[in-house]
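For reference, the structure discussed in these notes is given below.
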Amino acid sequence: MERILTYAEAIREATEQEMARDPTVILLGIGVDDFKAIYGTTKGLIEKFGPERVFDTPLSEDAMTGVAIGAALAGLRPIHVHIRMDFVLLAMNQLVNIAAKGRYMYGGAVSVPIVVRAIIGRSWGQGAQHSQSLHSYFIHVPGLKVVAPSTPYDAKGCLIKSIRDDNPVMFIEHRMIHYQKGHVPESTYTIPFGKARVLAKGDDITLVGISYMAVECLRAQKLLTEVGISAEVIDPVSLNPFDLDAIAGSVRKTGRLLVVDTAWVTCGVSAEVVAQLTERFQDSQQIRVQRMGFKPVTCPTTKNLEDLFYPNSQKIASAAYTLVHNNRKFWTPTHVEPPEIMEFRGPF
Amino acid sequence: MERILTYAEAIREATEQEMARDPTVILLGIGVDDFKAIYGTTKGLIEKFGPERVFDTPLSEDAMTGVAIGAALAGLRPIHVHIRMDFVLLAMNQLVNIAAKGRYMYGGAVSVPIVVRAIIGRSWGQGAQHSQSLHSYFIHVPGLKVVAPSTPYDAKGCLIKSIRDDNPVMFIEHRMIHYQKGHVPESTYTIPFGKARVLAKGDDITLVGISYMAVECLRAQKLLTEVGISAEVIDPVSLNPFDLDAIAGSVRKTGRLLVVDTAWVTCGVSAEVVAQLTERFQDSQQIRVQRMGFKPVTCPTTKNLEDLFYPNSQKIASAAYTLVHNNRKFWTPTHVEPPEIMEFRGPF
Amino acid sequence: MYEKFYRSLYRIRRVEEEIARIYTTDKIKSPVHLSIGQEAVSVGVCEALGRDDIVFGTYRGHALYLAKGGDLRKMIAELYGKATGCAKGKGGSMHLIDTDVGVMGMSAVVGTTIPLAAGYAYALKLRGKNSVVASFFGDGAVDEGVFHESMNFAALKKIPIIFVCENNFYSIHSHQRARQALCNIAERARVYGMPAERIDGNDVLRIYERVMKGVQEIRSGSLGPRFFECMTYRWMEHVGPNEDFEAGYRLRSEAEPWFEKDQVKRLGDFLDPEARQMIEDEVEGEIREAFEFAEQSPFPDDVDLYTDTFKEA
Amino acid sequence: MYEKFYRSLYRIRRVEEEIARIYTTDKIKSPVHLSIGQEAVSVGVCEALGRDDIVFGTYRGHALYLAKGGDLRKMIAELYGKATGCAKGKGGSMHLIDTDVGVMGMSAVVGTTIPLAAGYAYALKLRGKNSVVASFFGDGAVDEGVFHESMNFAALKKIPIIFVCENNFYSIHSHQRARQALCNIAERARVYGMPAERIDGNDVLRIYERVMKGVQEIRSGSLGPRFFECMTYRWMEHVGPNEDFEAGYRLRSEAEPWFEKDQVKRLGDFLDPEARQMIEDEVEGEIREAFEFAEQSPFPDDVDLYTDTFKEA
Ligand SMILES: Cc1ncc(C[n+]2csc(CCOP(=O)(O)OP(=O)(O)O)c2C)c(N)n1
Ligand SMILES: Cc1ncc(C[n+]2csc(CCOP(=O)(O)OP(=O)(O)O)c2C)c(N)n1
Ligand SMILES: [Mg+2]
Ligand SMILES: [Mg+2]
C-alpha cells in the first residue's frame, strides 16, 4: 500500500523526524509557530519541540540569517524559513558574504550547517514582490548548495539530506507544489545531492523542469503524447551541485532540449544549462536548445497578464512541438488550468 | 591634440558637468565627500555643489538606497556610490523590489532615475568580501539597466547617459580600470546603451570582455598576434540592454567565441551570452564557444592563489589559442603583471 | 470639521465592507489587507495634510489611499485587475498609487517605503518646498533594520517628515511582545533625536490635533522628523475578508474595547442625523458607482504585459 | 593582574608596530587596519572572559585576536599569506580566526558579525552552557540596520552576550556627528531593554571591571545582553601603517588627550621595572619568532585554491 502525502506534509515529516533524531536541529522564521504554520509545513512542531527549538522571529531577515549562521557555528543545525523568497533579498549579505564564504575565508576552520527554506509565491495576484524565484543568485556564488525538489518523495529526502549536510543549503520550494501528492515512506531517508531524476522516459525531446516546472513539464509530456511526441522529463532536483551528465545523456539521445525555469531566463539556471551543454556538445553532436521562463517583465497581478507571464504545460508542449518539428510545424493544445492554481486563494 | 584622462577622472568630469548642468542631480554615498574621494572620482564636488547635493551617508546601504529612490520619485536624479559592490548585497531589497519594479507595479505612474555606482574591488588581498562582481544579479531581474564601460571615453559618456536616463541604472566600475588612460573630450556627450564597441578587429576568434576584462582581452589580443592569431575584441559596454547583434556579427565571421567575465561563470553574463548565441546560431552555423571568469571558489587573499583565481591576459590568450587550434595545440605566453595590479596597494 | 472627518471615516469603512462582501465572488483575485477598525489613523493624519503633501504606505493601504484623496474608482478597478485601475491592473491592492494627490505608492515588503518617504522628504527640503511627507508603517516594520536606518537618517538630516507607526499590536499573528522585549516604539524613535509620542485610544481627533501641530511646526520652518505611534486595532484577519477571533492567536475580548473606540460611530454620533444621512447617501452612491465602474472596465490588453518596465526617453 | 594586563597590551602594541614597520617591504600584501591606541578595549574585555567564552570581531581585529589568546604565529603567517596562517592564507588580516580559544572570526563587511554573535549566544543558552559571547564592533556599525535587529533579538531572547561598541568617533573619515544626530550609542542600546553604559577614558581597568561584573551576572544566571560603549581613539590611519593627521579630517590636537590615555604606558608604569623588562623581553622574543615563522612558512599550494569551499561528509 502506497503511503500518500502532500509535498507540504512531506516537509513537515522530514522536519519532525530530524528534530526528534537530532537535538541540535532548530527551526526559526516568521510565522513558523502560528496556526497557519507555513502552509502546514511546521504544524505541531512547537508543541512537540518547545519554543526554544521552534521559534517565530522578529521581522529582521538580515539579522535572523546571521543568528542562524551564528547558531550553526556553535554546533546547531538551524532551519530558517522564509514564506516568500522575495524577502531573502534582505538577507543576501549574510548568505553571500558569510554563509557561502565562511568556510573558505577562514581556511576550513568552521562550517555553516544551515538550511534556508525559501518559498516561491505565485497566483491570486501575488504580484511584483511575492512571486520571485531567485535561485540563480545562490548558484552564482560558490559556497551554497541549492536544491529544488519537485515531488513529495524528493522533498522529504532532500530536506533530511539538507539538514544533515554540514554546509549551507538553500532549499527552494514552490508554493504551488505544496499541494502535489505522492508516495512518501514513513522511514527517514536521504536523497543524494547532484543526481537528477528522470520523471518520464522519451526519445524525441528532453524537457528539463526546475522546481514546480517539473510538474508542468510532466503535464506537457502527457499532452505531447497526443500528437505522437515522446518527451523525456528530467527534474534536476539539485541545482548546485548539478547533474549535467544526466541531462547530457538524455540530450545525446533526443538531440533536443527545452529548459523550463520558474524564474527569469536571463542569467538564470536555464542559461547555465544551455551554456554547459553547448560547451559539452560542440565537438560531438549538433543539438537544438531552447529556454523558457518568466517573461522579461515584473510579475503583474491581474489574472490575464499573469497567465501570459508564467510558463505552463500548454506553452511547454507547444514549444516542444515546434522544436521537434524544426520550427516547421506549430500546435497549441487547449489550456487546462491546473487544480493548484484554480483552487488557490492565497496568500496563505 | 588628444585630451588624455584616466577612467577615474572621466567619471569625475561627467559627474561635475551633469551636476553643473542639472540642479536635480545629487551625489551620495559613504565617503563621497572625504579626501580620498572614492579613488578621486568625487574630488572637489562638495566644494563646488555644497553639502546638500553632495553628501556622505551613515553606514546604511539599505535605507540609503531607499532614500535615493525616494528622492528620485520627488524629481531628483541621485547618484549613489558604493566603494565595493559587495556592500550592495545589503541593498538588494530596495534595488530589486522597488527600483526595478516601481514603474511596472505602479502601472507607469512613476519613474526611478537613480544611478548606482558599484565598484568591483581587486588585488592586494581584498579577499572574500571586497572582490565580488555581482552584475548578473541586476541583469537577471527586469527593470534595471546595467552598464560596465571599460574605457575613459565610454565611462564619461555612459555616466552622463545614465544620469539622464529616466530609469535605474547600475553603473559597474572595476577598481583596476580606474587607472586606464584614454582620450576624453571636454564637451559633454552620451554613449547610447545597447551598443557594443569593437576594440580591435580580427578574424580568427571573438573575445568578449566584460568591464576590466575588456582591457585584459585587448592585452591578450596583442599577445595572440605574436603567434599569428587575429582576435576581434568586443566590449559590450552595456549589459542590459545587450547588443547581441554585434557579437553575433563578429562570431559569424570568426566562428569562435571566448567570453571573459570579471565574475563567476555559473549563471553569469558569460552563460547568458553563450546561451543566446547558441540559440541564435543553432540553425545556421556551427560555432565554438568558451567561458572564462573567476574560478568557482571564494576569492582568496594570498597573492599566489589570487593569481590563480582571476582570469588575465595570459590565460585568455592561451585559451583563445587552444580554441582556434581546435583543442589540438597549446601555448602559454609568459605572464606580465599589468601595472595597475603591480602598483596597487589598496584598498583605496 | 466633524462632517469632513465622518465622511472620510465612513467612506473608508464602507468601501472595505463592500470589498469584503464582494470578495467571496472571486472578482477580486488578489490578497486584500483590510484596515477596518484602523481608519482613524489614516484619516486623522491625512486631514492634517494638504494636497501637496505626500504619503507612503503599506500593503494595508486602502484607508490611507482614500483618506489622502486617492481616486476611489481607480482603486476598485485596480482590485478587480482592470486596465482602468490606478496601476493599470498590474499592482493590485498592495501597490496602490495616485500621484495626483500625493499617494506615492505602497509596498508588499514590510518596511520598504520608510526610506522612500525619507528620500522624498530630503528632496523636498533640498528644493525648498513647503510640503511634508508622511510615512505610514506598522509595528512589525519597526523590527526591520531599515526602520532604524531611516530614523537615523531623518533625524540627522532634519527632513520634513512625519512618521506614523500604526501599532495594531500584531504582525500577522505575532504580538508585539513576541517580537520586542519592550513595547516602547515611540521611545525607540526618540533616541535618534526626534520628538516622538504615543497616541492612545485610536482617537481620530487627537491624532489629527497632534499631527497638525507637528505639520505646522515643520511648515513654519522647524524642520526635522516627528514621530507618532498611533495605537489602534485590526478587527479583521491579517489578510482576507473575514474575522479571525476563532483562530486562537487572540481573543475577541481583547478586541472588544477597541470596538468601543470605533471612530466611525463616534464621529457619526457627533453629527446631526440629517447631515449624516446626506453624507452616507452620497458615499453609498459613490461606492456603487465605483464598483460598477470596476465591473464594466476592461482587463488590460495582452500587449500591456510588456509596457511600463522602462520609461522611454 | 597588572602584569597580565600589561603583557597583553604591550604585546598587541608591539605586534602592530612590527606590522607597520614590515608593511613597507610589501611582504604583507593585504590591507591592515591597526588598533594602535585602542588596545584597552580588547584587553579589558578579554581579561574578563575565559577560554571557553567566544568573541566575534571586525576587520580591525588584531588586538581582539591576540587579547583573546589567538596564536600569534598563525596570525602573522596569515598576514603574510602563508599556508601556516590561521586561515591558511585565504583570509588575510580581515578574517582572523582561532576557534581553539574562541576567536570565532572577523568580517570585512561592517556589522555582519553582530548577529553571528547573537546566534552563537542563542545556541549557548539553548544548550545550557555557561559561556558568554562578546561581540565587538565600531561606532560605524551602529548605523547599520543589522545592529538594530540584533539588539532587538538579543534583548527579546535574553541571551548571554556582551556587546562591545569600540567608539573611536570615526567610520573611516566620517565623524560620528556626521552620521548620527545624537551621539548616544549606549542609550540607543538601552531602549531595546538591556543594561547599557558608556565607559569613558579608554580605561582598561574600568572596562575590565564593568565587563567582569556583567559577565559574572550572566554566569550566575541573570541572562540577557549587556552593552558597553567604550570610548577610545584610533591613532593611525583607518587602514594602512601610517599616521594621517595631515589628511585634514581630524587634527592632531584632537588625538593628543588620547595619547595621554595610552594604557600601555599607564599599565607599564604600574609595574616594577624588572618585571616589566622581563615581560617585554619575552614578548619581543615571541614576536621575532612569529615573524620568522611567517617568513619561513610556505605559501599555499596551487591545489589549495579549490579546497575549503564545502565541508565534505
Ligand atoms: C520583509 C518582509 N518580511 C515578512 C513579510 C510577511 N509579512 C507580510 S505582512 C506582515 C506583518 C507586518 O506587520 P505590521 O508591520 O505590524 O503591519 P500590519 O499588517 O499590522 O498592518 C508580515 C510579517 C513581508 N511582507 N515582508
Ligand atoms: C557594509 C559596509 N559598508 C561600508 C564599508 C566600508 N568601510 C570599511 S571600514 C568602515 C568604517 C567602519 O567604522 P567603525 O564601525 O566605526 O569601525 P572602525 O573602523 O572605526 O574600527 C567602512 C565604512 C564596509 N566595509 N561594509
Ligand atoms: Mg501591526
Ligand atoms: Mg569607528
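Note that this is a predicted model, so its numbers are computed, not measured. Just the heavy atoms: all of them, side chains too, but no hydrogens, waters or symmetry mates, feed the values below. Numbers restart at 1 for each chain; the letters A, B, ... are given by sequence-line order, proteins then strands.
- With a 4.5 angstrom heavy-atom cutoff, B:Leu277 does not touch chain A via any of its atoms.
- Proximity of B:Thr266 to A:Asn240: side-chain heavy atoms (C-beta onward) are nowhere separated by under 4.5 Å.
- For the set B:Val88, B:Asn97, B:Ile139, the entry with the most heavy-atom pairs within less than 4.5 Å of chain A is B:Asn97.
- Among the candidates B:Val269, B:Val265, B:Ile287, B:Asp283, the residue making the largest number of heavy-atom pairs closer than 4.5 Å to chain A is B:Asp283.
- Scored by the side chain to side chain donor-acceptor pair (under 3.5 Å) test, A:Glu279 finds B:Arg291 as partners (sequence neighbours excluded).
- Annotation: side chain of A:Tyr104 is in contact with side chain of B:Pro300 (closest heavy-atom distance under 4.5 Å).
- Atom CD of A:Glu272 is separated from atom OG of B:Ser136 by 10.5 Å, given to the nearest 0.5 angstrom.
- At a 4.5 Å heavy-atom cutoff, the contact between A:Asn327 and chain B is made by side-chain atoms alone.
- Within residues 122-133 of chain B, the residues having any heavy atom under 4.5 Å from a heavy atom of chain A are, by residue number, B:Ala128, B:Gln129, B:Gln132, B:Ser133.
- In this structure, the side chains of A:Val141 and B:Tyr137 come closer than 4.5 Å at one or more pairs of heavy atoms.
- Comparing A:His140, A:Gln276, A:Met92 by how many heavy-atom pairs each has under 4.5 Å with chain B, the most go to A:His140.
- Put simply, the side chain of B:Val274 does not reach to within 4.5 Å of the side chain of A:Val274, judged on heavy atoms.
- Interface summary for chain A: among B:Leu95, B:Thr278, B:Leu134, the most heavy-atom pairs under 4.5 angstrom belong to B:Thr278.
- Atom NE2 of B:His135 sits about 8.0 Å away from atom SG of A:Cys267, to the nearest 0.5 Å.
- For the set B:Gly143, B:Gly107, B:Gly268, B:Ala263, the entry with the most heavy-atom pairs within less than 4.5 Å of chain A is B:Gly268.
- Considering every non-hydrogen atom in both B:Ala100 and A:Thr298, the closest pair reads O-OG1, 4.2 Å.
- When every heavy atom of A:Lys101 is checked against every heavy atom of B:Trp264, the shortest pair comes out as NZ-CH2, 4.0 Å.
- A donor-acceptor pair under 3.5 Å is formed between the side chain of A:Gln282 and the backbone N or O of B:Val289.
- Annotation: the span from B:Asp62 atom CG to A:Leu90 atom CG amounts to 6.0 Å, rounded to 0.5 Å.
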